[in-house]
Amino acid sequence: MTARYDGLSEWYDELIVPNLADVTELLGPGDGTCLDLGCGTGRYLDAIRSTGRTVVGLDRSGDQLRLARRRDPAPLLQGDGTALPFASGVFGTVTAFWVSTDIGDFPGLLREVARVLRPGGLLLFYGVHPCFNGPHIENREDGALIIHPTYHLKGWHQRGSWWREGGIRDRVGMSQVPLPDLINAFIDAGLAIERVYEPGEQPIPSILAVRASAR
């Protein structure tokens with residue numbers, strides 16, 4: 001099965017602008033091994049390492065990992081986030097950046113995160129704000145943003161009525177996880193939510209971050 005970003009990696013890598021300062025601040029200093037789950041082209045690996053942690057990356061896309069290996073010396077594995085190839089309780093930290101929109105089973109991914117984290121271990125989730133990004137959002141030319149009732153249509157969307165032609169979502173599609181489903185997925189996985197953030201200074205937040213710990 002071809003991963004969704006295979007064949008788009010160079011284009012995607014040039015397009016994205018990583019929020020490195022946000023990530024290092026939200027992670028805080030640490031040690032031990034961190035799994036960067038959905039590491040993509042490796043843009044965040046060095047930022048994680050700068051917090052004092054040893055980083056290991058995993059992604060479903062071999063094409064993205066090809067670029068990550070050029071960029072960073074961290075151990076990198078190809079695998080499924082809902083069936084992680086690791087023993088239970090082996091990581092002190094897990095990071096998951098921009099994954100909720102690209103995986104069909106976000107609750108399953110968080111159950112695996114909870115399994116591989118040691119008790120008290122930290123998860124930092126950082127991704128699009130589900131209320132203000134998705135197939136329900138219409139961005140108008142005057143800067144207004146309209147939220148349509150399709151917000152409630154959870155699951156995979158291959159096309160969106162208001163997606164920009166040629167953009168990431170138009171090319172790849174996305175999984176819509178409404179806010180209650182996203183937050184409840186942490187709780188149902190047995191993770192304790194410590195803090196929820198809306199990083200940035202936009203009038204309408206585009207990013208949601210959650211710090212949680214394994215019980």
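No hydrogens, no waters, no symmetry mates; every other heavy atom, side chains included, goes into these values.
- Between the side chains of Asp63 and Tyr5, no donor N or O sits under 3.5 Å from an acceptor N or O.
- Trp162 is not listed as a side-chain neighbour of Asn139, based on a closest heavy-atom distance of 4.5 Å or more.
- No side-chain donor-acceptor contact under 3.5 Å links His148 to the backbone of Pro135.
- Annotation for Val99 and Ala96: closest pair CG2-CB, 3.8 Å, computed over non-hydrogen atoms.
- Cluster membership check: Ile147 does not share its hydrophobic cluster with Leu153, using side-chain heavy-atom separations under 4.5 Å among Ile, Leu, Val, Met, Phe, Trp and Tyr.
- Nearest heavy-atom pair across Leu65 and Cys39 is CD2-SG, 3.7 Å.
- Note that CD of Gln64 and OH of Tyr12 are 6.0 Å apart. Values are rounded to the nearest 0.5 Å.
- Panel note: side chain Glu198, backbone Pro205; no donor-acceptor pair is recorded below 3.5 Å.
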Exercise. ring-ring contact (aromatic ring centres under 6.0 Å, His included) between Phe106 and Phe125: does it pass, once the steps are laid out?
Worked result: CA-CA 12 Å; Phe106 186 63; Phe125 165 81; 5.6 Å; yes

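- Listed for the Arg140 side chain is no donor-acceptor partner under 3.5 Å among the backbone atoms of Ile146.
- Side-chain contact, Thr95 with Asp36: a donor N or O sits under 3.5 Å from an acceptor N or O.
- Atom CZ in Arg60 sits 7.5 Å away from atom CG in Asp6 (nearest 0.5 Å).
- Remark: Arg43 is not positioned above the aromatic ring of Trp98, lacking an NZ or CZ atom under 6.0 angstrom from the ring centre and at most 45 degrees off the axis.
- Between Arg53 and Thr51, the closest side-chain pair of non-hydrogen atoms falls below 4.5 Å.
- Using modelled atom types and a 3.5 Å distance limit, the side chains of Asp80 and Thr82 yield a donor-acceptor pair.
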For this session: Determine, step by step, whether Ile48 and Thr93 satisfy the side chain to side chain contact (heavy atoms under 4.5 Å, CB included) criterion, reporting the C-alpha distance in whole Å, the side-chain angles of both residues, the deciding distance to 0.1 Å, and the verdict.
Result: CA-CA 10 Å; Ile48 296 168; Thr93 308; over 6 Å; no

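- With respect to Lys154 and Asp181, a salt bridge is recorded, a charged nitrogen being found less than 4.0 Å from a carboxylate O.
- Taking OH from Tyr126 and CZ from Phe97, the interatomic distance works out to 8.5 Å, rounded to the nearest 0.5 Å.
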May I have the list of side-chain donor-acceptor pairs in residues 163-179 shorter than 3.5 Å, sequence neighbours left out?
unit_1, atom_1, unit_2, atom_2, d
Trp163, NE1, Gly134, O, 3.4
Arg169, NH1, Asp102, OD1, 3.1
Arg169, NH1, Gly173, O, 3.1
Arg169, NH2, Thr101, OG1, 3.0
Asp170, OD2, Gly166, N, 2.8
Arg171, NE, Gly166, O, 3.1
Ser175, OG, Ile103, O, 3.4
Gln176, NE2, Tyr151, O, 3.1

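- A donor-acceptor contact shorter than 3.5 Å is absent between the side chain of Asp72 and the backbone of Ala68.
- Counting heavy atoms from C-beta on, the side chains of Glu10 and Leu67 come closer than 4.5 Å.
- Here the CG-CD distance, from Leu117 to Glu112, works out to 11.0 Å after rounding to the nearest 0.5 Å.
- Note on Arg111 versus Asp188: no salt bridge recorded, every NZ/NE/NH1/NH2 to OD/OE distance being 4.0 Å or above.
- Asn133 places a side-chain N or O within 3.5 Å of a backbone atom of His129 that can act as its donor or acceptor partner.
- To the nearest 0.5 angstrom, Leu35 atom CG is 4.5 Å from Phe91 atom CZ.
- A side-chain donor-acceptor contact under 3.5 Å links Asp59 to the backbone of Gly40.
- Taking 4.5 Å as the limit, every side-chain heavy atom of Arg69 sits out of range of all side-chain heavy atoms of Pro75.
- Of the possible polar contacts, one joining the Arg211 side chain to the Leu26 backbone as a donor-acceptor pair under 3.5 Å is found.
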